[in-house]
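Here the structure is laid out as structure tokens; the discussion comes afterwards.
In what follows, every heavy atom counts, from backbone to side chain, and hydrogens, waters and symmetry copies are set aside. In what follows, residues are counted from 1 in the order of the sequence shown.
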Amino acid sequence: MKLCIFCGSSSGDRPGYLAGARELGQAIAGRGFGLVYGGAQVGLMGAVADAALEAGGTVTGVIPQALMDREFAHPGVEDLRIVSSMHERKALMAGLSDGFIALPGGIGTLEELFEVWTWGQLGEHHKPCALLNLDGYFDRLIAFLDEVAAARFLKQQTRDMLIIASTPAEVIDACLSYQAPVGHKWLTGGKT
Ligand code: AMP
């Protein structure tokens, strides 16, 4: 079982973000799961990887050549896959992983989460997509997504596909027990 983490290349302004990222890295490694992430040494990305490595976990980093210097590729990650584009990065991360968890982050994090969730909506995969809502960081985004569903731009079933949890243990458990909805009109793809 490999879990993919999307999170900020910055650490944010609250200690709870960094602490939660570390706790998630430890929990993934502690349960014997692999971590797949963007391969950087900086921000929450570095924190989740450091914690997983310290706990003896298996970590795979996927980083575009062009970001090797800007995001400081993590020197402790032995399985570092260097790819040629952002698109290749996301495709490889998605293919390697059995589930996706977004932590607080910026537009890169949001873009990664939304893309993989939309792939789920289209039936390109049937893997869990989750938000780890540390310190209420995503409260307003979650409220907005409910408004999007109420405005009928998003099916409630698709909204409900997005797991929302507030602790690392809870988000991992929810990913493990996730079942993609059946009968969704777009869920016709056969890939998992
Ligand atoms: P941020 O949340 O903006 O700090 O970015 C988190 C991570 O997402 C960083 O590793 C960014 O390089 C990465 N990122 C930003 N935009 C994209 C994209 N379009 N595709 C893949 N990764 C991205």
* Do side-chain atoms of Asn133 reach the backbone of Ser166 as a donor and acceptor pair under 3.5 angstrom? -> no
Show every donor-acceptor pair shorter than 3.5 Å between a side-chain atom in residues 28-40 and any protein atom, with sequence neighbours excluded, or say none if there are none.
residue, atom, partner, partner atom, Å
Arg31, NH1, Asp173, OD1, 2.7
Arg31, NH2, Asp173, OD1, 3.1
Tyr37, OH, Ala40, O, 2.8

Between Leu3 and the options Leu176, Val171, Leu24, Ile172, the side chain to side chain contact (heavy atoms under 4.5 Å, CB included) test singles out Ile172
With sequence neighbours left out, the residues meeting side chain to side chain donor-acceptor pair (under 3.5 Å) with Arg159 are Asp146
The side-chain contact (heavy atoms from CB on, under 4.5 Å) partners of Ala174 (sequence neighbours excluded) come to Ile163
So ring-ring contact (aromatic ring centres under 6.0 Å, His included) across residues 127-163, not counting sequence neighbours, yields Tyr17-Tyr137
Residue pairs meeting salt bridge (Lys or Arg N to Asp or Glu O under 4.0 Å), one or both in residues 10-27, sequence neighbours left out, come to Arg22-Glu54
Under the 3.5 angstrom rule, does the side chain of Lys127 hit a backbone N or O of Ala180 as a donor-acceptor pair?
-> no
Residues 135-145 vs salt bridge (Lys or Arg N to Asp or Glu O under 4.0 Å), sequence neighbours excluded, gives none
Connected to Ile107, directly or through other members, by ILVMFWY side-chain contacts below 4.5 Å are none
Contacts of Glu147 meeting salt bridge (Lys or Arg N to Asp or Glu O under 4.0 Å) (sequence neighbours excluded), chain-then-number -> none
Sorted by chain and number, sequence neighbours left out, side chain to side chain donor-acceptor pair (under 3.5 Å) with Glu115 holds for Lys90
Rounded to the nearest 0.5 Å, the CD1 atom of Ile63 sits from the CG atom of Leu92 at a distance of 12.5 Å
So the side chain to side chain donor-acceptor pair (under 3.5 Å) pairs with at least one residue in residues 60-81 (sequence neighbours excluded) are Asp50-His74, Thr60-Asp79, Glu71-Arg89, Asp79-Arg81
Taken in chain and number order and not counting sequence neighbours, the residues that satisfy side-chain contact (heavy atoms from CB on, under 4.5 Å) with Ser85 are His87, Glu88
